[in-house]
4 protein chains.
Amino acid sequence: MSVVKIMWKRERRKEERPGEIVKAAFEAFSERGFAATRLEDVAALAGVTKGTIYVYFETKEKLFEAMVRHYSSRMLADADAMLAAEQGSCRERLEAFLSFIYLRCARNRTGREIIRFIVTESKSFPRLVEDNYRDFIAPTMLLVGELLAAGVANGEFRKNVTRETAEIVLAPMVFLSILRLILDDGLKIDEDAYVAAHIDLALNGLLAPASR
Amino acid sequence: MSVVKIMWKRERRKEERPGEIVKAAFEAFSERGFAATRLEDVAALAGVTKGTIYVYFETKEKLFEAMVRHYSSRMLADADAMLAAEQGSCRERLEAFLSFIYLRCARNRTGREIIRFIVTESKSFPRLVEDNYRDFIAPTMLLVGELLAAGVANGEFRKNVTRETAEIVLAPMVFLSILRLILDDGLKIDEDAYVAAHIDLALNGLLAPASR
Amino acid sequence: MSVVKIMWKRERRKEERPGEIVKAAFEAFSERGFAATRLEDVAALAGVTKGTIYVYFETKEKLFEAMVRHYSSRMLADADAMLAAEQGSCRERLEAFLSFIYLRCARNRTGREIIRFIVTESKSFPRLVEDNYRDFIAPTMLLVGELLAAGVANGEFRKNVTRETAEIVLAPMVFLSILRLILDDGLKIDEDAYVAAHIDLALNGLLAPASR
Amino acid sequence: MSVVKIMWKRERRKEERPGEIVKAAFEAFSERGFAATRLEDVAALAGVTKGTIYVYFETKEKLFEAMVRHYSSRMLADADAMLAAEQGSCRERLEAFLSFIYLRCARNRTGREIIRFIVTESKSFPRLVEDNYRDFIAPTMLLVGELLAAGVANGEFRKNVTRETAEIVLAPMVFLSILRLILDDGLKIDEDAYVAAHIDLALNGLLAPASR
DNA sequence: AATGAATGAGGGTTCATTCAT
DNA sequence: TATGAATGAACCCTCATTCAT
């Protein structure tokens, strides 16, 4: 394949190019952040030259935004449907949702890197935060909030669920993402055990029955 | 008289310069990240010129590292002492420790920005993560882990505390930091209520007594 | 039927393409000068794509030269014939020629822009000047010079007509062109009055009869 | 001198640098026009590196504007004073003024190149035309207009002096400038004879006394 | 003949770093 | 010690040109 490639000086692949460049941009920006990434690196990763990037993207900023949009767009997509589809008690539905979101965010490199982009570039790309908050974070919190409220209503959950509980319930997932992001392969954690511990703690708390 | 004054100013400055530059570096790097920050911005904030920075710091990288080291060094310092000093039940000590660490990290801009630096520059400054993990994150987890173990041992806490529980217990604090970092003043959360909800959930869990 | 039509369009296009490109080149190069004009602009104005230009012209330079040649070629064409055809006194013939050349150069956008090209690109395209001087400027001066000489010979004109008089007689026409070029619509001059004043001054001079 | 220069890797000449760069800019922009001139050429001519230019000028455009402003600022400066100081008849004062302005514009390379800049870059730098028209061209025309009006008033000049006469009287000077600009050393004209012929024609016209 | 995706050399601009003062 | 003029490597972006279709 690469031999053929070498023979073809100019490959014309209008359909595929943008996708390849966005993918390369994801890898490059993940590796070094927006400012420190050279467009030449993106180009090299995509197997094109610098100029080609500008055929499809106006500026480095626009490429970055397009890339984040591409990778975050599919995130919430079916979360809603998934939660709606889920049957059973609120507890079961919460467990299912947590498992689902772990899969989508923490245990999925794409999800983790999106989180990194948001933290890393929130100052330079305020829209990145705005969009993600509006389209992903806020709706997720809302979903969980409604689930919690339903649980309180039907007596499954304790009455002291508050406005902040959703954030607190989801926090361990974000934290695991962060730990993976900064420690990479250095993180020695059994993720299944982590998720199980998370669910257990969220549902049952630390206190022994006797202590209550 | 004015001669004496001028000399005084110079003498004092000599001592304070590095500190002023480190402070300026914190502000500048917080605002734009490492790569996008110009040494000239740091210099302007410090009230000196670019050249002066090189009197005290070899490179931009060294300045960044020195700055992070400076601001994170005092973090753990007294956490240990504080926890040791704390009396009372494990539950009380945990509550105290959580409050303490919220104060130190999430509700303190310096702490939050250190978290951002770690997430933002972990790839470019692996030592930053290594040092912080070794000196701060790991010890903190260890402290909490020991506290939890003690609570289990004396019957205060449930028996299913695991290796991962410490991370999960602390996660909401990190998540609050992240939310503040990315939403800045846009975050409409009552932090006292958040901390209270966090402690309540960690101790009691979601499930209503009847559901258990 | 539509097939025939389409073929017709193509056939006709084939003939017209170079002309359309040259026309577009004139507009584009007029607007921004040689260096600052992008071939893409020319293409867009011509209703073709960049590649098409290269079907007809080897380089940007060659296109520019062809364009200037095209628009300046017809300038002198009939000036000679016109002057030869003109009957009457030398004074009448000079008046006729000045009116003619105003029409051709100053009051005609094409003529003005050619003048601009010559001034603008004389350094980068020495041939442009050489060709225009040889084919247009020099012959024009010669024509006027001969007319002036004839006038001197037959007693119509004063005897102190010199080698430089032709340039001086024609200068106001060039100056008007320049003013139009740089002031565009901002030039508030009655061109008819200008031409009349020019002819009057050239023939009669400033001095009142009494002063001579 | 150059030996010394070679030994000094970095010359610090804050006072002289901007002037040297402006001078180099004049040479470079004269030679190739704004768009085709590389800042590196300017730097080389000024004996500095590209970066140094940006110590003193924000952009290439700003440098160009500063350069034109520098070289055209002194043009009108004393023209007014000169004309006011001039004694004698209107005819003598006009002759003196024409000689003066030939010296300032046509026979002075700086003056000629300013004229070229105005023609060349009028589209890209409208301010260049505006400023020069307001500060130089319009006042010059006004001066000459007043002189002509005075001459008409005192009977020296013919009564048919009009609004356009000033332009026509000055045109040969501009035309000589243009010819020099485009033909450079190729222009075989005796400038003294040209000026003399100009003045003679302007004053006396072409027509022989008998023809009037 | 016409297209337009792809190229890559080159230019404007930035900025960490140096060093004479 | 402090300065800031000067440097030059490097980066983003442009655009004339090529060439497979």
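Just so it is clear: chains get the letters A, B, ... in the order the sequence lines come, proteins before strands, and each one is counted from 1. Just so you know, these numbers use all the heavy atoms, side chains as well, and skip hydrogens, waters and symmetry mates. For clarity, every value in this text was computed on a predicted model and none was experimentally measured.
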request  = Enumerate the residues from residues 38-54 of chain A whose closest heavy atom to DNA chain E is under 4.0 Å, giving them by residue number; use none for an empty result.
outcome  = A:Val48, A:Thr49, A:Lys50, A:Gly51, A:Thr52

task = Indicate whether any N or O donor in one side chain lies under 3.5 Å from an N or O acceptor in the other, for C:Ser122 and D:Arg116.
result = yes

task = Tell me what D:Tyr56 touches on the nucleic acid: a base, only sugar-phosphate, or nothing, going by heavy atoms under 4.0 Å.
result = sugar-phosphate

key: Carboxylate-amine/guanidinium contact A:Lys62 A:Glu65, below 4.0 Å   = no

key: Between F:dC11 (P) and A:Leu63 (CG): distance, integer Å   = 16 Å

inquiry  = What is the distance, to the nearest angstrom, from the CD1 atom on A:Ile21 to the C1' atom on E:dT7?
reply    = 13 Å

message = Are the side chains of C:Lys123 and D:Glu31 in contact, using a 4.5 Å heavy-atom criterion?
response = yes

Ring centroid separation D:Phe125 to D:Phe64 under 6.0 Å = yes

remark   = Rounded to whole Å, the CD-C1' distance (A:Glu58 to F:dT14) equals 14 Å

note = Partner of D:Phe29 under ring pair (Phe, Tyr, Trp, His ring centres under 6.0 Å), picked from D:Phe34, D:Phe117, D:Tyr71, is D:Phe34

ask   = Salt-bridged, B:Glu20 to B:Arg17, with N to O below 4.0 Å?
value = yes

inquiry  = What stems show up for DNA chain F when you take Watson-Crick pairs (N1-N3 plus N6-O4 or O6-N4) and G-U wobbles (N1-O2, O6-N3), both under 3.5 Å, and require three or more consecutive pairs?
reply    = E:2-21 with F:2-21

task = Show your reasoning for whether side chain to side chain contact (heavy atoms under 4.5 Å, CB included) applies to D:Phe57 and D:Val22.
result = CA-CA 10 Å; D:Phe57 302 93; D:Val22 161; 3.7 Å; yes

key: Whole-Å distance separating the CZ atom of D:Phe57 from the P atom of E:dG12   = 15 Å

query = Are any of the side-chain heavy atoms of D:Asp41 and D:Glu27 separated by less than 4.5 Å?
reply = no

ask   = So which nucleotide from E:dT3, F:dT17, E:dA5 ends up closest to the side chain of A:Val55?
value = E:dA5

ask   = Do any side-chain nitrogens or oxygens of C:Arg17 fall under 4.0 Å of OP1 or OP2 in E:dA1?
value = no

request  = For C:Asn132, enumerate each residue passing the side chain to side chain contact (heavy atoms under 4.5 Å, CB included) test, keeping only those at least two apart in sequence or located in another chain.
outcome  = C:Val68, C:Ser72, C:Ile114, C:Ile118, C:Leu128, C:Phe136

query = If each of A:Phe34 and C:Phe34 is mapped to the nucleotide of DNA chain F with the nearest heavy atom, which maps nearer the 5' terminus, i.e. the 5' end?
reply = A:Phe34

